[in-house]
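The next block holds one structure in the form of structure tokens; read it before the comments.
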Protein chains: 2
Amino acid sequence: MSILSYDGGMSLRIALLGLLSFSGPASGYDLTKKFETSINHVWQAGHSQIYPELAKMAADGLITVEAEGARGRKIYTITREGRDELRHWLTEHTPPGPVRSEGALQAFLLPILDPPEALAVLRRTTEAVEAKLEHLQGLRAVKGSQAAGREEHKLGGYALDLGIRHALTTLAWARDTAAAIDPDADPGQGEPA
Amino acid sequence: MSILSYDGGMSLRIALLGLLSFSGPASGYDLTKKFETSINHVWQAGHSQIYPELAKMAADGLITVEAEGARGRKIYTITREGRDELRHWLTEHTPPGPVRSEGALQAFLLPILDPPEALAVLRRTTEAVEAKLEHLQGLRAVKGSQAAGREEHKLGGYALDLGIRHALTTLAWARDTAAAIDPDADPGQGEPA
DNA sequence: TTGCCCATGTAATACGTTACATGATTTC
DNA sequence: GAAATCATGTAACGTATTACATGGGCAA
């Protein structure tokens, strides 16, 4: 896992470097909070995964403990090597397409069910995606209301847009698929393709 | 991990049950091949994960070895319990939204890069997604050319549609995002929103 | 008889989740 | 002084990837 020859599976590291790069020095606790809020729809990690990873990253020279705050709070700062690693991953690493989605697996297996059951599954999917969509749009509203001059709201903005578009696409798919399974079913809104 | 109280993380099991349910009895080798081809864009697993899982599923009574073929080939058949488990997961389990996407993580961190680098990343993303799109459309063409009366081509058809729609959505996002970063950049095709 | 595909497994390692465990500081 | 939050860690377990290991059958 050297700085220049990377193979895969270090996304947690990259996410942490990204947050430290953008928001400045932070503790493991701070970063855990940011995982719960801002970056949550793109990558997840709990504190039990974050603390050991920070220790490894410090050992690898990607971050350093420049200061210690109250009650043992360790403040990590990204190093030059850390920034290089982050930039390298962003510019050189081509991610594998989105794989391993339980939702897509349900879509895949949908023909196993008979029409009434399949339609019920699609309704549940629609509800779940609508809830997610509202959540993401709420996040966007928060960003929009932040001080206009600040740059911070930009981090994650493109990913938010992408997530919203994907949610809308999934809703359209569910509507059209329900119509294909049963043309007489009430699509709720819109019209099938 | 009883049959009725399920929490999460048994998607591999479900995928195997789905394939066995739809295509009839098969060996671990057969199922590994199907993972490489048909179900690949939705869930992945190699033989080293599949063989032990089949053994556990047999121990749990979800499948049985009804026959043994040439050179130690074990033919698994889904049981009644297996079908129940599969149907239960499909109808009752609400999957968590698509999480942990390296592509979305790159989108999230894009503002860290300066415009020329960010645009280069978006171009690479576009190329990768176009390749994936072609692959999926190829799969759909194969399905379309199969005997019309057969049902088999239906398994996976809805997921294929969903995958293609998501790919198209990602392409549109990349185009619009590039235009937002640099309005003078050549978008290649189409016009920004 | 050499090489390729069929066919099945295990081992080592990494990644991720849940639960366990501890203690300091602030707030009511 | 009780409860909530701050703050950091480890342990146990499950899931996933890569590499290692073995042997049968068939075709050139």
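Please read all numbers here as calculations on a predicted model, not as lab measurements. Below, all heavy atoms of this structure are taken into account, side chains as well, without hydrogens, waters or symmetry copies. In what follows, chains are A, B, ... by sequence order, proteins preceding strands, each numbered from 1.
- Residue contacts for Gly46(A): at a heavy-atom cut-off of 4.0 Å it reaches no nucleic acid atom on any strand shown.
- Ile50(B) places its CD1 atom 16 Å from the C1' atom of dT10(C), with the value rounded to the nearest Å.
- Side-chain nitrogen and oxygen atoms of Tyr29(B) include at least one within less than 4.0 Å of the OP1 or OP2 phosphate oxygen of dC6(C).
- Glu36(A) has its CD atom 13 Å from the P atom of dT17(C), to the nearest Å.
- Spacing between atom CD of Glu102(A) and atom C1' of dG16(C) amounts to 14 Å, rounded to whole angstrom units.
- What separates CD of Gln44(B) from C1' of dT18(D) is a distance of 16 Å, to the nearest Å.
- Proximity of Gln49(A) to the phosphate of dT17(C): a side-chain N or O atom is located under 4.0 Å from OP1 or OP2.
- In this structure, the separation between NE2 on His41(B) and NE2 on His166(B) is 13.0 Å, given to the nearest 0.5 Å.
- No donor-acceptor distance shorter than 3.5 angstrom exists from the side chain of Thr77(A) to the backbone of Pro25(A), with no hydrogens or angles considered.
- For Arg100(A), whose side chain is taken as the heavy atoms from C-beta onward, the closest listed nucleotide among dA16(D), dA7(D), dT10(D) is dA16(D).
- Cluster annotation: Leu168(A) is connected to Leu160(A) through the hydrophobic network of ILVMFWY side chains, with a link wherever side-chain heavy atoms come within less than 4.5 Å.
- Protein atom CD of Glu68(A) is 11 Å distant from nucleotide atom C1' of dT8(D), rounded to whole Å.
- Following rounding to the nearest Å, Leu31(A) (CG) and dC6(D) (P) show an atom-to-atom distance of 15 Å.
- Out of dA7(C), dA19(C), dT10(C), the shortest distance to the side chain of Arg73(B) is found at dA7(C).
- Here dA16(D) is the nucleotide among dA11(C), dA16(D), dA7(C) with the atom lying nearest to any side-chain atom of Leu12(B).
- As rounded to whole Å, 12 Å separates atom P of dA19(D) from atom NE2 of His47(B).
- For the atom pair CG (Leu109(B)) and CH2 (Trp43(A)), the distance works out to 11.5 Å, reported to the nearest 0.5 Å.
- Taking 3.5 Å as the limit, the base of dT8(C) and the side chain of Ser27(B) contain no donor-acceptor pair of atoms between them.
- Between dT10(C), dC6(C), dT8(C), one nucleotide has an atom nearer to the side chain of Lys33(B) than all others, and that is dC6(C).
- Rounded to an integer number of Å, the gap from CD1 of Ile75(B) to P of dT8(C) is 8 Å.
- Each of dA16(D), dG9(C), dT15(D) was ranked by its minimum atom distance to the side chain of Trp43(B); first place goes to dA16(D).
- Side-chain proximity of Ser48(A) to dT8(C), dT18(C), dT15(D): nearest is dT18(C).
- For Tyr76(A), counting side-chain heavy atoms from C-beta on, the closest listed nucleotide (dT10(C), dG9(D), dA7(D)) is dG9(D).
- Classification of Asp60(A) and Lys56(A) as a salt-bridged pair fails, no side-chain N sitting under 4.0 Å from a carboxylate O.
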